[in-house]
Amino acid sequence: MIPKRSFCLPSNLCLLFLSKPKARIALAAMAIPAVLAIVPIGVVFILSGLIVNLMQVVSFILLRPISKKLYRKINKVVAELLWLELIWLIDWWAGIKVELYVDSDTFQLMGKEHALVICNHRSDIDWLVGWLVAQRSGCLGSALAIMKKEVMFLPVIGWSMWFSEYFFLERRWTKDEITLKSGFQQLEDFPMPFWLALFVEGTRFTQAKLMVAQEFAASRGLPIPRNVLLPRTKGFVSSVSQMRSFVPAIYDCTVAVPKNQPPPTLLRIFRGQSSVVKLQIRRHSMQELPETADGIGQWCKDVFVTKDALLEKYFAKGTFSDQQLQNIGRPMKSLIVVLLWSCLIGYGIFKFVPWSSLLSSWKGIAFSATFLVLVVIVMQILIHSSESERSTPLNITPQDQTKERLVQK
């Protein structure tokens with residue numbers, strides 16, 4: 001049995017992972033054959049990620065005080081050197097097929113304009129699907145998101161997001177409102193098209209959460225959801241109110257996974273297990289939305305009622321969207337980046353090991369083994385943090401606290 005406090009990292013994610021029986025079982029389940037992929041992929045990802053983080057630190061310290069515009073343009077390129085490795089996992093390692101349904105006019109605009117992106121949170125890799133579509137549209141390095149603060153402490157990937165100006169919330173509205181307002185103001189002079197993603201349900205979809213959401217909706221006389229959770233509209237209202245003057249569009253995204261296949265997860269991707277993810281995007285002009293906060297909130301709720309109907313039709317009849325299925329291909333860029341990183345890291349290790357005589361003593365062998373164990377632990381933390389069971393509740397007001405806590409959990 002793994003001791004509950006065997007490892008300590010800057011985040012409490014590792015401690016939570018080790019304290020959960022399901023997590024320990026998951027680690028055992030991934031041991032073979034997933035670990036055979038996770039070790040080499042993890043070594044390249046972590047070492048290349050630390051190089052990327054170092055480059056971000058240097059540019060943040062030296063360039064940002066002089067020219068924020070130049071820093072952002074350089075950081076876009078630098079961040080993509082890391083994030084493309086995850087695109088490679090989807091495209092080339094696991095062969096995840098993303099079917100994109102969107103009208104031709106919107107498809108041509110994607111990556112050429114600022115956009116607020118809202119989406120149902122259906123699977124553990126919705127954010128990766130968003131990154132893949134952003135990469136196809138040429139704006140992966142300027143794809144931003146509003147996320148919980150814990151993500152910022154994830155090794156390598158969370159740090160890269162912080163340097164890329166992601167929004168990290170504490171789930172206390174008194175503080176988060178200030179964070180959002182400040183972040184939106186910073187985006188006014190963003191020098192290239194960006195996407196800002198917001199999962200307005202506030203958590204990932206599970207059947208247990210759906211049952212509680214249905215009970216809550218029934219008690220309030222709201223439409224009973226069947227395939228989505230109830231949207232939490234405060235963040236959306238704030239986003240629209242603050243950004244409507246310089247963000248022209250909202251991309252309304254709906255994600256679906258066929259019922260006849262397991263939902264895609266990072267662990268399944270590392271195992272090389274393919275799946276299909278369907279994504280519909282509808283573009284709405286920001287000017288279409290009401291002016292009042294109540295009107296904006298109701299617009300968001302109506303959008304999710306429409307999403308629910310779309311998903312219900314798909315699961316019942318197999319028809320997903322009336323939009324055009326676009327060919328997004330499988331570009332070579334992510335494959336080239338991974339090959340270059342692999343050669344660079346491999347060459348560095350090849351030169352370092354003989355020079356340091358690392359494997360010529362028990363101490364060196366123990367150091368190498370410890371490093372590989374840490375790689376597995378860090379990768380498992382990243383995998384575990386993406387799982388739907390790890391989603392956390394929002395802070396709420398005392399009114400109807402018991403029911404609302406369950407809805408948000």
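What you see is a predicted model, and the numbers here were worked out from it, not measured in a lab.
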Note, V212 side chain near K209 side chain (heavy atom, < 4.5 Å):
no
Interatomic distance, CE@M379 vs CG@L267, rounded to 0.5 Å, equals 11.0 Å
Just by distance, do the side chain of Q214 and the backbone of I224 share a donor-acceptor pair under 3.5 Å?
no
Is there a side-chain contact (heavy atoms from CB on, under 4.5 Å) between W173 and S238? Walk through the geometry before answering.
CA-CA 11 Å; W173 182 244; S238 179; 4.1 Å; yes
Could you check whether any side-chain heavy atom of V117 comes within less than 4.5 Å of a side-chain heavy atom of I281, counting everything from C-beta outward?
no
Shortest non-hydrogen contact from Q56 to A79?
NE2-CB, 4.1 Å
Looking only at atom types and distance, does a side-chain atom of T370 sit under 3.5 Å from a main-chain N or O of A366, one as donor and one as acceptor?
yes
CD1 of I157 to CG of L82, rounded to nearest 0.5 Å, is 5.0 Å
Less than 3.5 Å apart, any donor N or O on the side chain of Q298 or D302 sitting next to an acceptor on the other?
yes
NZ/NE/NH1/NH2 to OD/OE distance under 4.0 Å, K333 and E80:
yes
Enter the distance from L132:CG to L89:CG here, rounded to the nearest 0.5 Å.
11.5 Å
Distance from M152 atom CE to F168 atom CZ, nearest 0.5 Å?
6.5 Å
Is the centre of the Y251 ring less than 6.0 Å from the centre of the W195 ring?
yes
Looking at side-chain heavy atoms only, is the closest gap between P264 and V277 below 4.5 Å?
yes
Side chain to side chain donor-acceptor pair (under 3.5 Å) against D91, all qualifying residues, sequence neighbours excluded:
R136
Going by heavy atoms in the side chains, are L169 and L180 under 4.5 Å from each other?
yes
Run the side-chain contact (heavy atoms from CB on, under 4.5 Å) check on H121 and T203 step by step: do they pass?
CA-CA 7 Å; H121 212 345; T203 185; over 6 Å; no
Pick one: which of F163, W131, W127, W88 meets ring-ring contact (aromatic ring centres under 6.0 Å, His included) with W83?
W131
Could you go through the salt bridge (charged side-chain N to carboxylate O under 4.0 Å, His left out) check for D176 and K149 one step at a time?
CA-CA 10 Å; D176 292 342; K149 190 175 182 179; over 6 Å; no
V338 vs V44 side-chain heavy atoms within contact, under 4.5 Å
no
Taking all non-hydrogen atoms of both residues, which atom of L128 and which atom of L266 are closest, and how far apart?
CD1-CD2, 3.7 Å
Ignoring hydrogens and angles, state whether a donor on the side chain of S123 or D126 is under 3.5 Å from an acceptor on the partner side chain.
yes
Residues V247 and M286: closest non-hydrogen pair is O-CB, 3.4 Å
Any side-chain donor near an acceptor of the partner, S164 and N75, under 3.5 Å
yes
Stepwise, does the side chain to side chain donor-acceptor pair (under 3.5 Å) test hold for K301 with T233?
CA-CA 8 Å; K301 294 174 184 177; T233 59; 5.2 Å; no
Checking K313 against T319: is there a side-chain donor and acceptor pair closer than 3.5 Å?
no
Gap between atom CG of N227 and atom CG of L310 - 0.5 Å precision:
9.0 Å
After noting the C-alpha distance and the side-chain angles of V98 and K278, does the key distance pass the side-chain contact (heavy atoms from CB on, under 4.5 Å) rule?
CA-CA 6 Å; V98 177; K278 295 178 180 289; over 6 Å; no
Quick one: does R282's side chain have a donor or acceptor within less than 3.5 Å of a partner on Q323's backbone?
no
Ignoring hydrogens and angles, tell me if any N or O in the side chain of R244 forms a donor-acceptor pair with the backbone of L289 under 3.5 Å.
yes
Contact summary for A256 and L311, nearest pair of heavy atoms
CB-CD2, 3.6 Å
Test applied, side-chain contact (heavy atoms from CB on, under 4.5 Å); reference residue, R72; option that passes from K68, K76, K69
K68
Would you say the side chain of W341 lies within less than 4.5 Å of the side chain of V52, judging by non-hydrogen atoms?
yes
Donor-acceptor pair, distance only, cut-off 3.5 Å: does the side chain of S285 make one with the backbone of Q287?
yes
With a cut-off of 6.0 Å (strictly less than), are more than 12 heavy atoms of other residues, nucleotides or ligands near NZ of K112?
yes
Answer yes or no: are there more than 12 heavy-atom neighbours, outside D189 itself, under 6.0 Å from its atom CG?
yes
Any donor-acceptor N/O pair, S182 side chain to T179 backbone, under 3.5 Å
no
Between D252 and K307, is the closest basic N to carboxylate O distance under 4.0 Å?
yes
Can you name the closest pair of heavy atoms from A249 and E113 and give their distance?
CB-OE2, 3.6 Å
Using the rule side-chain contact (heavy atoms from CB on, under 4.5 Å), only one of L340, I51, I46 pairs with I345; which is it?
I51
Counting the benzene-type ring for Trp, do F190 and F246 have ring centres under 6.0 Å apart?
no
Answer whether the closest heavy-atom distance between the side chains of L382 and F45 falls below 4.5 Å.
yes
Taking the ring centre of each residue, are F194 and H114 less than 6.0 Å apart?
yes
Can you say whether the rings of F60 and Y71 are parallel (under 30°), tilted (30 to 60°) or perpendicular (over 60°)?
perpendicular
How close do L198 and G235 get, heavy atom to heavy atom, and via which atoms?
CD2-C, 4.0 Å
Kindly say whether V237 contributes a backbone atom to a donor-acceptor pair with the side chain of S241 at under 3.5 angstrom?
yes
CA sep, side-chain torsions, deciding dist, call: V151, L154, side-chain contact (heavy atoms from CB on, under 4.5 Å)
CA-CA 5 Å; V151 175; L154 290 175; 4.0 Å; yes
Is a donor on one side and an acceptor on the other found under 3.5 Å between the side chain of S142 and the backbone of P193?
yes
Heavy-atom check, side chain of R204 versus side chain of F199, under 4.5 Å:
no
Decide whether S334 and Q135 meet the rule of one side-chain donor and one side-chain acceptor closer than 3.5 Å.
no
Is the number of heavy atoms from other residues, nucleotides or ligands under 6.0 Å of M192 CE greater than 12?
yes
K317 with E312: basic N within carboxylate O range, under 4.0 Å
no
Could you tell me whether the side chain of E201 and the main chain of V228 form a donor-acceptor pair under 3.5 Å?
no
F315, CZ: over 12 other non-hydrogen atoms inside 6.0 angstrom
yes
Within this structure, what is the CD-CG distance for the pair E99 and N327, rounded to the nearest 0.5 Å?
11.5 Å
List in chain and number order the residues that pass ring-ring contact (aromatic ring centres under 6.0 Å, His included) with F320, two or more places apart in sequence or in another chain; answer none if no residue qualifies.
Y101, Y314
